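Encoded as structure tokens, the structure appears first; notes follow it.
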Amino acid sequence: MIDKLYKLKKNQKNQKLMQKVQIINKISLIQNEIMFTNNKIINTSVDKYGAISDFAILEIHKNTMKQHINKLQLEINKLNIDLEKITNNIFELEKETQQYKHILDEQKQEYIKCILAMEEKEANEYIQNKYIKN
């Protein structure tokens with residue numbers, strides 16, 4: 001039973017680690033999109049002799065991109081919170097896994113002690129039978 005719990009906790013920990021990697025990848029993609037949008041804000045321009053309305057449209061476009069960046073930043077913050085929760089879950093699962101591993105190790109040691117005691121008993125009986133025969 002302990003062995004099954006140990007394997008379960010180990011699998012849960014591995015799943016959480018995969019979730020963590022997925023969140024980190026999402027954060028990386030969002031950061032790349034933020035950098036791309038920032039570059040678009042910097043490089044967006046109008047003709048030097050364009051109409052005044054072009055400048056107004058340009059300003060609206062830049063504000064829209066800035067709002068998009070703010071939304072992406074909020075999403076990154078949410079993902080960072082999720083990442084922190086998952087990291088804490090991984091830590092807890094690791095502690096539980098170590099506890100079950102320790103229990104399994106103790107059970108193995110007890111089993112080995114029992115086997116050694118039985119072998120010693122058999123060896124003593126064998127030696128006693130040898131002496132009795134002689």
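All values reported here derive from a predicted model rather than from experimental measurement.
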Whether the side chain of Thr87 engages the backbone of Leu83 through a donor-acceptor N/O pair (distance < 3.5 Å, no angle test) should be reported.
yes

Residue pairs fulfilling side-chain hydrogen bond (donor to acceptor under 3.5 Å, both in side chains) with at least one residue in residues 93-111, sequence neighbours excluded
Lys9-Glu96, Lys13-Glu94, Glu94-Gln98, His102-Glu106

Output the distance between atom [atom1] ([X]) and atom [atom2] ([Y]), rounded to the nearest 0.5 Å.
X      : Y      : atom1 : atom2 : value
Gln128 : Asn124 : CD    : CG    : 6.5 Å
Lys40  : Lys62  : NZ    : NZ    : 13.0 Å
Asn89  : Asp82  : CG    : CG    : 10.5 Å
Ile86  : Gln22  : CD1   : CD    : 8.5 Å
Ile34  : Leu72  : CD1   : CG    : 5.0 Å
His68  : Asn63  : NE2   : CG    : 14.5 Å

Using the rule that two of Ile, Leu, Val, Met, Phe, Trp, Tyr join whenever any of their side-chain heavy atoms come within less than 4.5 Å, decide whether Met18 and Ile90 are in one cluster.
no

Cluster question for you: counting only ILVMFWY and a side-chain heavy-atom cut-off of under 4.5 Å, with indirect links fine, are Leu17 and Leu93 together?
no

Would you call [X] and [Y] a side-chain contact if the rule is heavy atoms closer than 4.5 Å?
X     : Y     : value
Leu74 : Asn70 : no
Glu75 : Lys71 : no
Ile81 : Glu84 : no

In terms of heavy-atom contacts, does CD of Glu120 have more than 12 from other residues, nucleotides or ligands at under 6.0 Å?
no

In short, Leu79 meets Ile23 closest at the heavy-atom pair O-CG2, 3.5 Å

Which residues pass the side-chain contact (heavy atoms from CB on, under 4.5 Å) test with Thr64, sequence neighbours left out?
Ile60

